[in-house]
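A quick write-up on the structure given underneath.
Lettering follows sequence order; numbering is per chain, from 1. What you are looking at is a predicted structure, and each value in this text was computed from that prediction instead of being measured.
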There are 2 protein chains.
Amino acid sequence: MKKKENMETELIELAELFKVFGDSTRIRILYDLMQGERNVTEITEDLAMNQSAISHQLKILKMAKLVTAQREGKSMVYSLADEHVKTIIAMGKEHIEE
Amino acid sequence: MKKKENMETELIELAELFKVFGDSTRIRILYDLMQGERNVTEITEDLAMNQSAISHQLKILKMAKLVTAQREGKSMVYSLADEHVKTIIAMGKEHIEE
DNA sequence: TAAATATATGATAATATATTCATATGAACG
DNA sequence: CGTTCATATGAATATATTATCATATATTTA
C-alpha cells in the first residue's frame, strides 16, 4: 500500500492527465493523429481551426507526453506518443456506448 | 466507417467524459468509492472538504453515470456505476507510471 | 409536529482555460 | 541575405469551472 500523500499526488497527476483528454479540440487532434502522423498545417486543416489554437493545444499534448514532434524541413510532424492514448480513448468510448 | 458528423459528436462526448475525470476532487471521490460505497458525510470527511463542494461534484459524477446513488434513511449512499471507471483510472495510471 | 441530521441547490466570487490577434522564430531557397 | 512558408509564442479577451456561503429540501425521531 502506498502512503496517503503519495496517493494524493498520484490522484492529482491522474486528474491532470485526464484534463488533457477533456477538451474537444485536443481529443480531435488525438483522433486525427490516430489516423497517422500529421504536420501542423494538416491538423489545422483537418480540424478547420485557427493555426495558433492548434499550436497551443499541441504544446499541452506534448507536455503531457501524449504526442511527440519531429521537424521535417519547414514543418513539424506530430505523432501519438504511445499505444496508451489509443487504449484510453477506446475505454472512454466503451463507457459512452452503453 | 462512421459519418463525419457522428464522429465529431462522439469525440465531443468523449471529451466531456474525460473532463469529468479531469478534476482532482472528482478523481479523489472516485478513488474513495473504489474502496467501497460511501455516504456524503463519509466522502466529505475522507476528502476533508466542504460538504457542499462534494455534493456539487457528486452531481456531476452522477450525470456522467460514473456513480449511482441510493437513499438509506437520512443519507445518500454513493457507489461506482460500473467497472469502466476502474479500468479508465487504471489506464491513466499506466500512462503516468512510465 | 418541531427539532435535529443529512444532503442538495442557487448565487456569487475567484480562478482557470481556450481562442484570437499580432508577431516572433526558424528553415528553405532564389 | 532577403523573402516565403511553417510553426510557436505572448497578451488580451471571453468563457467555463470550482469552492464557498446561505439556505432549501428531505428524512428521522423526540
Practice task
Could you note down all residue pairs passing ring-ring contact (aromatic ring centres under 6.0 Å, His included) where residues 62-89 of chain B supplies at least one of them, sequence neighbours left out?
Solution key: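 Residue pairs passing ring-ring contact (aromatic ring centres under 6.0 Å, His included), neighbours aside: A:H95-B:H84.
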Problem - Pairs involving residues 6-30 of chain A, ordered by first then second residue, that meet ring-ring contact (aromatic ring centres under 6.0 Å, His included) (sequence neighbours left out) - result: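 Output for this query lists A:F18-B:F21, A:F21-B:F18.
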Practice task
Residues of residues 59-74 of chain B with any non-hydrogen atom less than 4.0 angstrom from an atom of DNA chain C: list those, numerically ordered, please.
Solution key: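 Correct list: B:K59, B:K74.
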Problem - Sub-4.0 Å heavy-atom contacts from residues 16-50 of chain B onto DNA chain C, ordered by number - result: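 B:N39, B:V40, B:T41, in order of number.
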Problem - Whether A:H56 stacks on the six-membered ring of C:dT19 base, 5.5 Å and 30° limits - result: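 So no, this residue does not stack on that base, at least one cut-off failing.
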Handout entry: Side chains of B:S55 and B:Q51, donor plus acceptor under 3.5 Å
Key =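 Note: B:S55 and B:Q51 side chains meet the donor-acceptor criterion.
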Handout entry: Interatomic distance, A:M76 CE vs C:dA27 C1' [rounded to whole Å]
Key =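 Rounded to the whole Å, the gap is 12 Å.
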Problem - Length of the CD-P vector between B:Q51 and D:dT20, whole Å - result: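 So the CD-P distance, B:Q51 to D:dT20, works out to 12 Å.
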Exercise for the section: Just call it for A:S55: base, sugar-phosphate, or nothing, with non-hydrogen atoms closer than 4.0 Å on any strand. Expected result: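 It contacts base atoms.
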Taking all heavy atoms of [X] and all of [Y], pick out the closest pair and write down the distance.
X	Y	answer
B:V20	B:A64	CG2-CB, 3.9 Å
A:K93	B:L14	N-CD2, 3.6 Å
A:A69	A:K62	CB-CD, 4.1 Å

Handout entry: Verdict with supporting geometry, B:I89 and B:M34, side chain to side chain contact (heavy atoms under 4.5 Å, CB included)
Key = CA-CA 10 Å; B:I89 288 180; B:M34 278 170 73; 4.0 Å; yes
Practice task
Show the numbers, then the answer: is there a salt bridge (Lys or Arg N to Asp or Glu O under 4.0 Å) between B:R28 and A:E8?
Solution key: CA-CA 8 Å; B:R28 289 168 72 218; A:E8 289 293 305; 2.8 Å; yes
Practice task
Establish, with yes or no, whether the OP1 or OP2 oxygen of C:dA6 is under 4.0 angstrom from a side-chain nitrogen or oxygen of B:Y78.
Solution key: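 Negative; the distance criterion is not met.
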Exercise for the section: Could you list the residues that satisfy side chain to side chain contact (heavy atoms under 4.5 Å, CB included) with A:S24, not counting sequence neighbours? Expected result: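 Only B:I12, B:A15 meet the side chain to side chain contact (heavy atoms under 4.5 Å, CB included) criterion with A:S24.
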Exercise for the section: Would you please enumerate the stems DNA chain D participates in, each stem being three or more consecutive Watson-Crick or G-U wobble pairs with both distances under 3.5 Å? Expected result: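 Output for stems: C:1-30 with D:1-30.
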Practice task
Spell out, as yes or no, whether a donor-acceptor pair under 3.5 Å connects the side chain of B:S75 to the backbone of B:R71.
Solution key: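 Not at all, since once roles are kept as given, no pair shorter than 3.5 Å links the two residues.
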Problem - Single-linkage hydrophobic cluster, 4.5 Å side-chain cutoff, B:L61 and A:I96 together - result: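 Yes, because B:L61 and A:I96 connect within a single hydrophobic cluster, where side-chain heavy atoms sit under 4.5 Å apart.
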